[in-house]
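Note sheet for the following structure.
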Amino acid sequence: MKPDAPRERTGRRVPPLARFLVRRVLLAVLMAWGITLVTFVLTNLVPGDPVAANLGQRALGDPAIVAQWRAEHGLDKPLWQQYLLHLQGLLHGDFGTSQQSHRPVADDLAEFVPATLELAGAAILVSLVLGVAFGVIAALRRDRLADHTLRVVSLIGISVPTFWLALMAFYVFFYRLQITPGSGRVDVALGSAPPVTGLQTVDALLAGRWDIFASAAGHLVTPALVLALYTIGLLTRFTRSAVLEVLGQDYVRAARAKGLPGRVILFRYVLRSALVPVITVAGLAFGSLLSGTVLVEAIFAWPGIGQYAYKSATTLDLPAVMGVGLVVGVVYLAINLVVDVLYGVIDPRVRLQ
Amino acid sequence: MATRSQKAAVLLAGALTLAACGSGGTSSQAPADGGGAGGGKTLVIDTSFDLKTADPGRTYEPTGLIVGKAVYETLLTFDGADVTKPVPALAESYELSEDGKTLTLKLKQGSTFADGSPITADDVVFSLTRVRDMKGTPSFLLDGVEVAKTDDTTVTLTSKTANPALPYILPNPALGILNSKLAKEHGATADAQDKAEQWLNSSSAGSGPYTIESFNVSSQVTLKANPKYYGTKPAYDKVVLRNVEAATQKLNVQRGDSQIALNLSGDQVTGMPATLQVKKTASANVIFLLANQDSSISKTTPNAKFVEAVRKGVDYAGLLELAGEGATQAPGVIPSQILGALPPEQAAKRDVEGAKAALAASGLSNPTVKLEYPSELTVNGLSFQPLAERIQANLKEVGITVDLQPAPVTTALDNYRNGKEEMGLWYWGPDYPDPSDYLAFLPGKTVGLRAGWKEGAAKEIEAAGVKAAEAIGDDARKSAYAEVQNQLNAAGPFVPLIQPGQNIVSAASVTGIEYHPVWTVDVADLGAK
């Protein structure tokens, strides 16, 4: 018997929240491993030869160059060995070398992921604020003009394809009305702030460069709003129904009968209860925001992971594709983890499951 | 309670709008004429990136060649858009021996790298040997060429067989001359162990009019003027190349957010406002059909009469209409810009009756063929899909059923490269602007093999090819390559179709724009009004 076993049985009990957390984190790690396996297998199932995609027409005619390229990129080894090497590299923080940029994939990701996070982060912030506000308004003004208007708006937000919206927004606000800046993250004439976090707005503030900050924030507005519109629509609908459901509960009616002010009822009772479904939707939406950025980034020439992923996929840059897949997968996992933990915090019953 | 939340929402929306307007205002302070905030002139060029590296010895992609041309100098170059005559650059003169095997170059004196050190014959020998021996994508340019220093100001390039193309190859930015001392300090070697690429992607070791300020393969490259440049100073202090989709490029250049857009299609440049300049030229890419000559791949396409029926059945004028402004028909595989191109009046014309007669003579009745092509590939903004559909309709009138087989480019390339396509629709862009690059279409060579055309399959054309490769002197070469193309057009498995248009749109303030078949534009040649 292990010496510490009795102590564990008789000693302090691990609190349920901590046990819940540990279980969730372990599960997440296991899932992350699963993601590496899935991305690796899927990537290698793609028909097409990465050599042909990467070497010029003439170089392909020279078997020595082709063989050297294959060896250089580890493509001459059996698949299972390639996977083990890939996994071993990942454990050391090595994502392999991108075939298109010839740089470590980790360096590429470090450069592009912050740009996408800045865009998606701004979008999620905007959608949380607007989506929840709109949802609450629609619920409180049920079946009145405001409700109908917001429902139509949210329906449009959900149904309009993002790339079309991005093109239209770029055309209308940048080209026609000339109120928003053009492509990219910041004016080329200004240069960019020294990278610290990789988030242009934050770095500009850290460097005290207000001109860069204003330009970066300005460049962020249209793509973030375009990206947010779908999530705003989704959150409006979910918040509306969640709030309506809570409003019909006995304890809200009781509170109202007691004569509590509407403000208190809304914030203390209704919003708190309506929060659980909203968190779920917001978490899922953040994931879809990440994939939605591919098209928005292309149209706004936003140097994020979307363009990198697209280029990697079309040039069969396998290490880069796997790197992107892993990062996006892990971000999804992290969000799910946060959502689960928030559940656990908000609703103690969840911890026991 | 409700009104309160409503107010809050309205306020928030208002604040966001204000933020949008506010920062929009800030950015529009940047003058649209290309002047930057830093005092000097900035030129912004929007292009769809095809870029992998800034190491000249590994550069092969269009965007990389723009960068390479600006940052590195080569021994010889071309003057403006004329690629039929190499002119001196780092070399002040060159001479090809009578047997075409030895090229002697005299180096210009007093030229320096961006760090101020002089350019020596040793730098030249190292740079060229490195490209050849590290086996990067462009190393074939110097296959079988020995590079040697005769004295401090003379370099000789010796080939085993006559190599009259060499002066046309040397201007390729891949053969830019590196500061060998600096490059070696950062891992450059003249063999496959070379490790200098990563360093060369952020710094430059050249003598060109620009140096690299920042380099990112998927979003942006910034060049700044080289203060030590001994030649004519470029007009712009800073050149920014941005990776932008064609649709966005158009809006950017119209709004003045960029000064040049490189990738607009013929459709996109129609109706441009008069304030912008549009330079329309045929690109050097030739789109062609191939009919596989391997009888194990097809029972139909090796039939010479069948190929004749296709050649006569295609409606070239209709294809040009699809391609839009700037496009021209390709009379042979060699594009119009390059020495040896066939004159336009020799281009094939549609002859439906002739095509039907050829098909009848082929002995095939109502043949069906598979036409493979890269579905999402665009060349100069022209997509292959509508071309393939038009060809299908053209050949239907002749009595040939074309079964369209689109595939993603990476998949389609596999079949094409392995010679497995019954018919294929592809394009060839020049590796260097010399007709010898087009000998690849002959039996047993790169493109010939892709059409199932093995060595010895057409002895007469092969002999004509050998003769062309060895011809010395412009006139002899011109007629030799014309002969090769005439024979190819008469009996080869290829049907040259069109050269799509290359449209460069620029702000009125930009002067001196020329389309160049190798490096698209030379940014140092651009001026400002």
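The figures that follow rest on heavy atoms only: side chains count, while hydrogens, waters and symmetry mates do not. Note on naming: letters A, B, ... go to the chains in the order of the sequence lines (proteins, then strands), and numbering restarts at 1 for each one.
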**Report entry** Passing option when B:Phe288 is tested against B:Trp428, B:Tyr427, B:Phe441 for ring-ring contact (aromatic ring centres under 6.0 Å, His included)
**Finding:**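 Result: among B:Trp428, B:Tyr427, B:Phe441, B:Phe441 is the only option passing the ring-ring contact (aromatic ring centres under 6.0 Å, His included) with B:Phe288.
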Query raised in the report: So which part of A:Tyr171 gets closer than 4.5 Å to some heavy atom of chain B, the side chain, the backbone, both or neither?
Result: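 A:Tyr171 touches chain B through backbone and side-chain heavy atoms alike.
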Report task. Side chain from CB out, backbone as N, CA, C, O: work out which of these in A:Tyr310 comes under 4.5 Å of a heavy atom of chain B, or both, or neither. Result ->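 Neither part.
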Check each atom of [X] against the heavy atoms of chain A and say whether the ones under 4.5 Å are side chain, backbone, both or neither.
| X | answer |
| --- | --- |
| B:Gln198 | side chain |
| B:Lys445 | neither |
| B:Gln220 | side chain |
| B:Ser139 | side chain |

Most heavy-atom pairs under 4.5 angstrom with chain A, which of [options]?
| options | value |
| --- | --- |
| B:Val217, B:Leu251, B:Val244 | B:Leu251 |
| B:Asn216, B:Leu141, B:Leu51 | B:Asn216 |
| B:Asp46, B:Thr53, B:Asn252 | B:Asn252 |

Requested in this report: To the nearest 0.5 Å, tell me how far B:Leu142 CG sits from B:Ile169 CD1.
Outcome: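 Taking CG in B:Leu142 and CD1 in B:Ile169, the distance rounds to 7.0 Å.
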Query raised in the report: Between B:Arg450 and B:Tyr416, is NZ or CZ placed under 6.0 angstrom from the six-membered ring centre and within 45° of the ring axis?
Result: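 Yes, B:Arg450 lies over the aromatic ring of B:Tyr416.
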Requested in this report: Kindly confirm or rule out a cation-pi arrangement of B:Arg255 over A:Phe174, judged by NZ or CZ under 6.0 Å from the six-membered ring centre and within 45° of its axis?
Outcome: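 Here B:Arg255 passes the 6.0 Å and 45° test against A:Phe174.
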Query raised in the report: How about B:Glu376: does its CD atom have over 12 heavy atoms from other parts shown lying under 6.0 Å from it?
Result: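 Check passes, neighbour count above 12.
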Query raised in the report: Partners of B:Arg132 by salt bridge (Lys or Arg N to Asp or Glu O under 4.0 Å), sequence neighbours excluded?
Result: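 B:Arg132: salt bridge (Lys or Arg N to Asp or Glu O under 4.0 Å) contacts with B:Glu146.
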**Report entry** With sequence neighbours excluded, residues passing salt bridge (Lys or Arg N to Asp or Glu O under 4.0 Å) with B:Glu372
**Finding:**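 By the salt bridge (Lys or Arg N to Asp or Glu O under 4.0 Å) rule, B:Glu372 matches no residue at all.
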